[in-house]
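I have placed the structure first, in the form of structure tokens, so that the comments after it can refer back to it.
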Amino acid sequence: MTRREILLLLLLSAIWGGSFLFIKVGVDELEPSVVALSRVAIGALVLLPLLLSRGGLGSLRSYIVPLVVLAMFNNALPFWLFGFAEQSISSGLTAVIQGAAPLFTVLLATRMDRTQRVTGVRLVGICIGFVGVVALVGLQSGGDLVAALAVVGVALCYAFSVLFAGRTMRGLAAVHVSFGQLGCATLILLPLGFAQRPDAVPSGTVLLAMLALGALGSGVAYLLYFSLIASAGASRAILVTYLVPALALIYGAVLLDEEVTISSLIGLGLILTGTALATGVARFRAASLAR
């Protein structure tokens, strides 16, 4: 990788790792639906000028149905689940559990295409990774257990989304895919987000967190991600999967005084090791479209 590509990778990892921090700050005063709506709406607004400079909305017409599906499972539902989960568990733990998304992607790929059977080292990797997921989820109790399971649901959503996008978004430019799903997700989340809007204006800290979550976590991050794919290839862009959970743990510990437990570190190690073996790292061609 060139220095520019490494810089893009580190910057993207820093932004997506920080998204978990911004969500945690947001749900202190806002409902998860409002946090999710803020993220997709602001992200869409950031991408709108670029979209208009590259042909506008016309090319999206024939992709409306797949974009709605992608918006639901790659944006609206997982973003709401993130907010719901972080009401109970730490931002770092949330990031670590959702780091298992590539493992689910490998498993779903085998169900959708039987020629992609998982055997040998890849099968061992999946088993190792899921030991880490089960261990982390199993250590939770009560509301924390429900929250941890919600994050597992996010990983499943992301796994389905990347496979679905690979089949349905061919021929559509990256900026159009990004804006299309964020725009559709905004419409999906708008009724619930509006109904659960806060009675008073949130604090300045929360407003800034929502601005950063939307503008950076969705808008700028998508541009960096697809630029990295175009420059270094998807097989190297997946390296972001390995950096985001670790950075989220650091952010949570330093900025939110979240405890970094031994179980979280062991779970992170198992999940990342399993993901590396299951995906082959250099050969795996798809990473999650958004965090």
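Because the structure is a prediction, the values reported are computed rather than measured.
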Task: Worked verdict on T94 versus V154 for side chain to side chain contact (heavy atoms under 4.5 Å, CB included) - done: CA-CA 10 Å; T94 301; V154 171; over 6 Å; no
TODO: Apply the test side chain to side chain contact (heavy atoms under 4.5 Å, CB included) to residues L270 and I266: give CA-CA distance (whole Å), side-chain angles for both, the deciding distance (0.1 Å), then the verdict.
DONE: CA-CA 6 Å; L270 290 172; I266 293 175; 4.1 Å; yes
TODO: If a pair satisfies side-chain hydrogen bond (donor to acceptor under 3.5 Å, both in side chains) and one of its residues is in residues 42-51, list it, with sequence neighbours excluded.
DONE: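 Checked against side-chain hydrogen bond (donor to acceptor under 3.5 Å, both in side chains) - neighbours excluded - no pair reaches residues 42-51.
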Task: Contact list for residues 203-213, test side-chain hydrogen bond (donor to acceptor under 3.5 Å, both in side chains), sequence neighbours left out - done: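 Counting only pairs at least two positions apart or across chains, the side-chain hydrogen bond (donor to acceptor under 3.5 Å, both in side chains) contacts touching residues 203-213 are E29-S203.
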Open item on the list: Within the 4.5 Å heavy-atom criterion, are L211 and L216 side-chain neighbours or not?
Closed with: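 Of all side-chain heavy-atom pairs linking L216 with L211, none is under 4.5 Å.
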TODO: Answer whether the closest heavy-atom distance between the side chains of L182 and Y222 falls below 4.5 Å.
DONE: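 A side-chain contact exists here, since the closest heavy-atom pair is under 4.5 Å.
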Task: F20-F82 aromatic ring centre distance below 6.0 Å - done: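 Here the rings of F82 and F20 have centres that are less than 6.0 Å from each other.
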Open item on the list: Ring centroids only, cut at 6.0 angstrom: are F79 and F84 within range, meaning strictly under it?
Closed with: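 Ring centres of F84 and F79 not closer than 6.0 Å.
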Task: side chain to side chain contact (heavy atoms under 4.5 Å, CB included) between F130 and L107, intermediate numbers included - done: CA-CA 11 Å; F130 278 110; L107 284 181; 3.4 Å; yes
Open item on the list: Under 3.5 Å, is there a donor on one side chain and an acceptor on the other for S91 and E86?
Closed with: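 Distance-only check fails for S91 and E86.
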Task: side chain to side chain contact (heavy atoms under 4.5 Å, CB included) evaluation trace for L136 with I271 - done: CA-CA 10 Å; L136 287 175; I271 291 171; 4.1 Å; yes
Report the distance from atom [atom1] of [X] to atom [atom2] of [Y], rounding to the nearest 0.5 Å.
{"X": "L67", "Y": "T168", "atom1": "CG", "atom2": "OG1", "value": "7.5 Å"}
{"X": "W16", "Y": "Q98", "atom1": "CH2", "atom2": "CD", "value": "10.0 Å"}
{"X": "S38", "Y": "M210", "atom1": "OG", "atom2": "CE", "value": "6.0 Å"}
{"X": "I15", "Y": "L247", "atom1": "CD1", "atom2": "CG", "value": "11.5 Å"}

Task: Joint cluster assignment, L70 & L187, ILVMFWY side-chain distance < 4.5 Å - done: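 No, L70 and L187 fall in different hydrophobic clusters.
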- [ ] For Y251, enumerate each residue passing the ring pair (Phe, Tyr, Trp, His ring centres under 6.0 Å) test, keeping only those at least two apart in sequence or located in another chain.
- [x]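 Here no residue qualifies.
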